[in-house]
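Written out below as structure tokens is the structure these notes cover.
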2 protein chains.
Amino acid sequence: MPLVPSTTPQPRARRTQAERSAATRARLLDASIGCLIDYGYAGTTTLAVCKRAGVSNGSLLHHYGTRERLLGATLEAVYGRLRGEVVRRLEALPKGDDRIDALVDVLWSAFGAPEFKAILELWLAAASHADLSWSMWPEAQAFDEGNVPLAEALFPEVAARLPDFSTWISLIFQVVQGLGLVNATRPSNVETDALRARTLTLFKAVLRDAFKAEAAPC
Amino acid sequence: MPLVPSTTPQPRARRTQAERSAATRARLLDASIGCLIDYGYAGTTTLAVCKRAGVSNGSLLHHYGTRERLLGATLEAVYGRLRGEVVRRLEALPKGDDRIDALVDVLWSAFGAPEFKAILELWLAAASHADLSWSMWPEAQAFDEGNVPLAEALFPEVAARLPDFSTWISLIFQVVQGLGLVNATRPSNVETDALRARTLTLFKAVLRDAFKAEAAPC
DNA sequence: ATATACAATTAGTCTATACTCATTGTTTAT
DNA sequence: ATAAACAATGAGTATAGACTAATTGTATAT
């Protein structure tokens, strides 16, 4: 084994403590999300997360102290990613686009993603474990409360015209959430996929009709 | 303690074996549903169910053999009850009623019920545990597949007129399911309750508009 | 009446898992 | 260079929960 120290730089370069921490934290959160998707809340054990992350058992506890705190951090992470993605894609929409179709599509890309199953698992866990109270998660609240402003920015004139605009936004979320729930929990097949596509198409038509400037009554 | 044997009939009368079995089974299923609602899937341990049912540990295993089978039976039971209730209430509708509003209300009474949280827990558990496959549950499948025929019986002329009638039914279910999901997982307060009520009202209006006979184009 | 099948109970076993702790390795401050 | 702080490891503990098994109680046959 000849040593060639200076010419071949070590692949694992020298990292600061903060970088080391951040890296293992990210790996743990990724693994936690993956476990939630694959094995559910009960199956997301500390050992399973460690194994998937390639990190020692003690290290997980060093960073998060307890399983519950790890799962809280997981919820924050997965929400943050989803929200970031949604906001980014909505802001990137060209002005003239069919924004209603695009809004539904972007929301579906979030609620139809595998990560939504992780969110579902954590929602239910939080509903049972009182110590995982909903109020503990600012990212989740930001998502919930940021929707209407986001939609108002997309459709300023519709928001001004329709008095129940925020109710319409709620309706949109219910539809996408309902589809996401089915998508996450039922085995997908050709039929269900087709029905979902038709449902989204129909709903877009309903929205277009509701959001368009009222035709003069004849 | 005077003994008055024949005049005071024992409160726990003599029951057949079948009755005894059915009674403890029912108590176990009730307790299981209650545990799912209160503590979630992970918290629905065999011991917790036994304690709540007031039944011994061994008796549970005697009847259901394994925790998994108990939970499968629980899903069947809760689905059966919900489906029975929905069908019964829909069939009891007077002819002339505003049937669209009634359909939404009846569905919401099912998906807004606390039992829906038990269903959610089991849906998610089934999605992770491959051995709890979806196909194992005829009651659940009957619920899923019985919807469109049920709605067609309610709105025969609309079903004949609208080519995408079944898609509309799917849309209705997504909305109610989405609301049920939020209802089951978020702490309820005045605001969320009001928003849900407005969402349902708005959606009913949409449905009335879609289901009514097309006005002649002017 | 008696035997047989079924229902229910209790104590106990075994495994999986959350968490502790003592130790080693790595980075940063002086 | 050295010490102090931080990151990471792996062995070990305590406990909770699924399931077993031997036993007792209760109903239904003959």
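Treat the numbers as computed from the prediction; the structure is a model and nothing was measured.
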message: Is the phosphate of D:dA8 approached by A:H63 (side-chain N or O, under 4.0 Å from OP1 or OP2)?
response: yes

task: Please report, rounded to the nearest Å, how far the P atom of D:dA18 is from the CG atom of B:N57.
output: 9 Å

query: Taking NE2 from B:H62 and P from D:dA22, how many angstroms apart are they, rounded to a whole number?
result: 17 Å

message: Please tell me if A:T66 has a side-chain N or O lying less than 4.0 Å from either OP1 or OP2 of C:dA18.
response: no

- prompt: Within less than 4.0 Å of OP1 or OP2 of D:dA7, is there a side-chain N or O belonging to A:T24?
  reply: no

- request: Please tell me which of A:A48 and B:G54 maps to the more 5' nucleotide of DNA chain C, matching each residue to the nucleotide holding its nearest heavy atom.
  value: B:G54

task: Return the orientation label for the A:Y79 and A:W123 ring planes: parallel under 30°, perpendicular over 60°, tilted otherwise.
output: tilted

Length of the line joining A:L61:CG and C:dA18:P, which is rounded to integer Å: 9 Å

field: Phosphate-side-chain proximity, A:S56 and D:dT9, N/O vs OP1/OP2 below 4.0 Å
entry: yes

message: Under 4.0 Å from OP1 or OP2 of C:dA16: is there any side-chain N or O of A:T45 that close?
response: no

field: Length of the line joining A:Y41:OH and C:dT17:P, which is rounded to integer Å
entry: 14 Å

message: Does C:dA18 have OP1 or OP2 under 4.0 Å away from a side-chain N or O of A:T46?
response: yes

- request: Between C:dT28, D:dA18, C:dA18, spot the one nearest the side chain of A:T16, thanks.
  value: C:dT28

message: Less than 4.0 angstrom between a side-chain N/O of A:S59 and OP1 or OP2 of D:dA7, yes or no?
response: no

- prompt: To the nearest Å, how far apart are B:R20 CZ and D:dT24 P?
  reply: 17 Å

message: Whether A:R25 engages the ring of A:Y64 as a cation-pi pair (distance to the six-membered ring centre under 6.0 angstrom, angle to the ring normal within 45°) should be assessed.
response: yes

field: Partner of B:F116 under ring-ring contact (aromatic ring centres under 6.0 Å, His included), chosen from B:F111, B:W108, B:F143
entry: B:F111

message: Students often mix this up, so state it plainly: with edges at 30° and 60°, are the rings of B:Y41 and B:H129 parallel, tilted or perpendicular?
response: tilted

- line: Rounded to whole Å, CZ of A:R15 lies from C1' of D:dA7 at a distance of 10 Å

- line: B:R27 atom CZ is separated from C:dA7 atom P, nearest whole Å, by 16 Å

- request: Would you indicate, yes or no, if D:dA7 has its OP1 or OP2 atom less than 4.0 angstrom from a side-chain nitrogen or oxygen of A:S21?
  value: yes

- request: Quickly work out the B:L28 CG to C:dT9 P distance and round it to whole Å.
  value: 10 Å

CG on B:L124 to CD on A:E121, rounded to 0.5 Å: 4.5 Å

